[in-house]
Amino acid sequence: MSFLYPSFLFGLFAVAIPIAIHLFNFRRTRKVYFTNVAFLKEVKTSTNSFRRLKQWLILATRILFITFLVLAFAQPFIQSPKQQSLSSQGNTGIYLDNSLSMQNETGKRQYLQLATDEADELLGALPKTPSIQLLTNDFESRDQYLATPDKLKDRLTEINFSPTSRTLESIYKRQNNLLSRNSPSTQNQFIWFSDFQKSTVGDLNKLKIDTNSRIFLVPVQTEETANLYVDSVWLATPFVKEMETNTLNVRLVNTGKDAVKNLPVKLFLDEKQVSSSSVNLDANNSVVATFDFLVKERGLKKGRISFEDFPVTFDNDFYFVLNASPTINIVHMFGGATGNYIQNLFSNETIFQARSLNAQNVDPTLLNTADLAILDGVTDLSGSLPTSLEAFVKKGGSLIIFPGPANNNTIYGSLLSRLGVPSPQNTTSPDKTFEVIDAPDTRNPFFESIFENTTQKERMAMPAANPVWQWTGRGSSLLRLKTGTPFLSRFDVQRGKVYLCASPLTDNFSTFQKHALFVPILYKIAALSKSQERLSFSFQEPSIAVEINEAGKEPVFHLKKDNLELIPSQRISGKQLLFDIPENSQTGSKQLAEAGYYELTLNGKVQKILAFNYDKKESQPDSYSPTELKQIFGRYKNVQIFSALNEGEFVNEFKSESQGKNFWKYCLIAALFFLLAEILIIRFVKG
């Protein structure tokens, strides 16, 4: 037998009060006159004996009343076999998981609501002392201090869902630090209400727990969990074209054990529905849905994929931004006698902004705003142009080099060497023998969307060329001659790309410029030269990179959504702005809390629109079951795992398993019984 509040046992000394009253009860006696002395002796004997019995009974009821009343306050209990009783002397830390995954339901009640109700009932069973600390995923400053159960009950009514997820390791460290700072104790206990989602709680096998602390894990779960969410979206083409049919691919995931049939999925652009699809999802599987849409104007478009799925609804909308017909700036530098193939090629599409200039008259500063630079038959690189081209490529630009008819490989040697690209060697044959170009490898990601199917590629007659260059070394060969030597290769240089072609774009050296492949390949190179803007971002990403135009000196970009405006830590590298999502310095939580569209502004003007979505980990409801938790924490004797909270009666189970069998109620009933017995004896027993 143990006592939750043993200090109340000192109240047993109050038993001395009725004993003293009984022993020193010197009441004055009345004189009774009788005519018969013998009769007097008989009555006196009988009355004294009955009165003595009555007084002993009254004394016993008073002693037992005081004894059981004191025991009721001391709260006796039989220790649980697990020897993990909740200490009344140490501090108690309660963690309530309010992550988005707690939207799931069990028994038509959301996990968070169920956990909040049980935590409220638990607070009523804990000691009424200011030694309890409540923690959520928000790590708010008001939750850093110890409080009484009554104050924490009011706090429970204010808890809402949070987009921030925490590992159990970070929760344990946070609670330990807060409790040790507020009131140092070696007998701390922690009670964790959570769904213990596998994708967010971290590696539990690496969690190190102090053996002096007691941990009570309360899983808030249901046997069957299911959720639908958007994994990713991407365009079928490198960019969106205005007044043309575009295709958006959407990968949807079903985490449930049951298949989903005919799920309506809608595509919105600028809050107008532009397409829809009906999707069938097998159990524990994913599917790619396609949406065809048309945009009538250029510019940024706010996109949203939407569907209905219950009870988890936070990920029913996926936000993204499309840049319709972005301008691709091209600087075409030619030298000597060349055809007009390049000029004619890029003049057919409005998305291309091309300028053709003689290489001798090019202003190198044009490269600062260019995406693609083309050297077409240039025989001389002079002045600051080579240095500007080097910087252009390293900052993310793309450079195509088409040689001239003469063997002029030496003028590119220094530039290509600094870029880490192998210098080409002269190979011109005197008889100008043409070699057939081999069919491209459609497995190369570069040719994705260029060929509709492999059959057309196999039937297509390939062009021929008389190469003036050849090279070896690293690089990706996009086209090869039948002899196996490269005809068109790509070399990745830091953030940029360099393309080398083996033949000039003149009729007496090549038929490539007249072939059907020429247009899509050059268009693809131009499209890839434009930094592919991300359609969407996640709050959990450590840093965000977006392409910007010239921003001037010491620019300060802002992030804005409705009434929220923040200045992230930022830096500019070439054409990219790199910034971190602002965090709360005290809690480490992201200050961007709501999924949707955020404006990137400079000097009050909108430069970009960015779409942010919640972390996909929260959409994966698979959780550690109580059995799995017991296997993981089996090495700790001070960790107790309860049954899943959906079974109900958690507080009773908690008291039974953590505090043992409690007898204070029985002691209170016994105290009231003996008080009533005393009243009845005094009232009805004569003597």
Side-chain angles (χ1 to χ4, degrees), residues 94-125 134-138 153 156-166 168 171 190-201 204 215-229 253-260 263 281 283-284 307-316 614-633 640-658:
I94 299 177
Y95 164 60
L96 188 60
D97 183 1
N98 62 332
S99 61
L100 295 172
S101 63
M102 295 288 283
Q103 285 186 355
N104 221 320
E105 290 184 355
T106 174
K108 296 184 178 180
R109 297 178 66 193
Q110 288 186 326
Y111 286 177
L112 182 59
Q113 179 186 359
L114 181 60
T116 301
D117 292 344
E118 292 295 329
D120 181 82
E121 188 175 351
L122 174 65
L123 288 172
L134 179 64
L135 187 69
T136 67
N137 288 357
D138 296 310
K153 284 187 175 184
L156 286 176
T157 62
E158 303 173 358
I159 295 177
N160 294 314
F161 292 103
S162 170
T164 304
S165 58
R166 306 283 184 180
L168 288 187
I171 294 297
F190 306 99
I191 306 171
W192 295 343
F193 293 89
S194 174
D195 57 355
F196 297 99
Q197 192 177 14
K198 291 182 178 180
S199 58
T200 60
V201 297
L204 300 185
I215 309 291
F216 302 91
L217 306 185
V218 188
V220 188
Q221 300 171 352
T222 185
E223 291 184 1
E224 295 186 5
T225 57
N227 186 35
L228 304 177
Y229 68 94
V253 178
N254 177 18
T255 65
K257 297 180 180 179
D258 298 324
V260 176
L263 174 70
L281 282 152
N284 292 312
F307 56 88
E308 292 186 359
D309 175 44
F310 298 97
V312 180
T313 60
F314 75 90
D315 52 6
N316 286 2
Y614 298 120
D615 189 4
K616 287 182 290 189
K617 292 181 180 180
E618 283 292 331
S619 300
Q620 302 166 10
D622 192 20
S623 302
Y624 287 105
S625 66
T627 302
E628 292 174 320
L629 291 173
K630 290 177 182 179
Q631 294 175 349
I632 294 173
F633 292 100
Q640 182 175 348
I641 294 93
F642 290 90
S643 302
L645 193 58
N646 64 302
E647 296 179 4
E649 300 182 356
F650 158 71
V651 175
N652 292 334
E653 184 182 1
F654 176 83
K655 293 178 181 179
S656 175
E657 295 193 14
S658 66

Would you say [X] has more than 12 foreign heavy atoms packed within less than 6.0 Å of its [atom1]?
{"X": "Glu158", "atom1": "CD", "answer": "yes"}
{"X": "Lys153", "atom1": "NZ", "answer": "yes"}
{"X": "Gln113", "atom1": "CD", "answer": "yes"}

(message) Could you go through Phe216 and Phe642, starting from their C-alpha distance and side-chain angles, then the distance that decides it, and tell me whether this counts as side chain to side chain contact (heavy atoms under 4.5 Å, CB included)?
(response) CA-CA 7 Å; Phe216 302 91; Phe642 290 90; 3.8 Å; yes
Return yes if some donor-acceptor pair links the side-chain N/O of [X] with the main-chain N/O of [Y] below 3.5 Å, else return no.
{"X": "Asn98", "Y": "Asn137", "value": "yes"}
{"X": "Glu628", "Y": "Ser625", "value": "yes"}
{"X": "Glu618", "Y": "Ser101", "value": "yes"}
{"X": "Asn316", "Y": "Glu308", "value": "no"}
{"X": "Gln103", "Y": "Phe314", "value": "yes"}
{"X": "Gln640", "Y": "Ile215", "value": "no"}
{"X": "Gln221", "Y": "Asp195", "value": "yes"}
{"X": "Tyr111", "Y": "Thr222", "value": "yes"}

(request) Please lay out, stage by stage, how Trp192 and Ile171 fare under the test side chain to side chain contact (heavy atoms under 4.5 Å, CB included). (result) CA-CA 9 Å; Trp192 295 343; Ile171 294 297; 4.1 Å; yes
(request) Give me the one residue out of Thr200, Val201, Leu217 that meets side-chain contact (heavy atoms from CB on, under 4.5 Å) with Leu168. (result) Val201
Which atom names give the shortest non-hydrogen contact between [X] and [Y], and what distance separates them?
{"X": "Phe307", "Y": "Asp315", "result": "CZ-O, 3.8 Å"}
{"X": "Leu228", "Y": "Asp309", "result": "N-OD2, 3.0 Å"}
{"X": "Ser162", "Y": "Asp138", "result": "OG-OD1, 2.7 Å"}
{"X": "Phe161", "Y": "Ser99", "result": "CD2-O, 3.6 Å"}
{"X": "Met102", "Y": "Ala115", "result": "CE-CB, 4.3 Å"}
{"X": "Ser643", "Y": "Pro626", "result": "C-CG, 4.4 Å"}

(request) Answer yes or no on whether Lys198 is positioned over the face of Tyr624, meaning its NZ or CZ is under 6.0 Å from the six-membered ring centre and within 45° of the axis. (result) yes
(message) Among residues at least two apart in sequence or on other chains, which ones pass ring pair (Phe, Tyr, Trp, His ring centres under 6.0 Å) with Phe196?
(response) none
(message) Which residues pass the side chain to side chain donor-acceptor pair (under 3.5 Å) test with Ser194, not counting sequence neighbours?
(response)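 By the side chain to side chain donor-acceptor pair (under 3.5 Å) rule, Ser194 matches Asp97.
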(message) Ser165: which residues meet the side chain to side chain donor-acceptor pair (under 3.5 Å) condition with it, sequence neighbours left out?
(response) none
(request) Decide whether Thr255 and Asn227 meet the rule of one side-chain donor and one side-chain acceptor closer than 3.5 Å. (result) no
(message) Measuring from atom CG of Leu281 to atom CG of Asn284, what distance do you get when rounded to the nearest 0.5 angstrom?
(response)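 The CG atom of Asn284 is 11.0 Å from CG of Leu281, to the nearest 0.5 Å.
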(request) Dump the intermediate steps for side chain to side chain contact (heavy atoms under 4.5 Å, CB included) on Asp615 and Leu100, then the final yes or no. (result) CA-CA 10 Å; Asp615 189 4; Leu100 295 172; over 6 Å; no
(request) Test side chain to side chain contact (heavy atoms under 4.5 Å, CB included) on Leu114 and Thr106 and set out the steps. (result) CA-CA 9 Å; Leu114 181 60; Thr106 174; 3.8 Å; yes
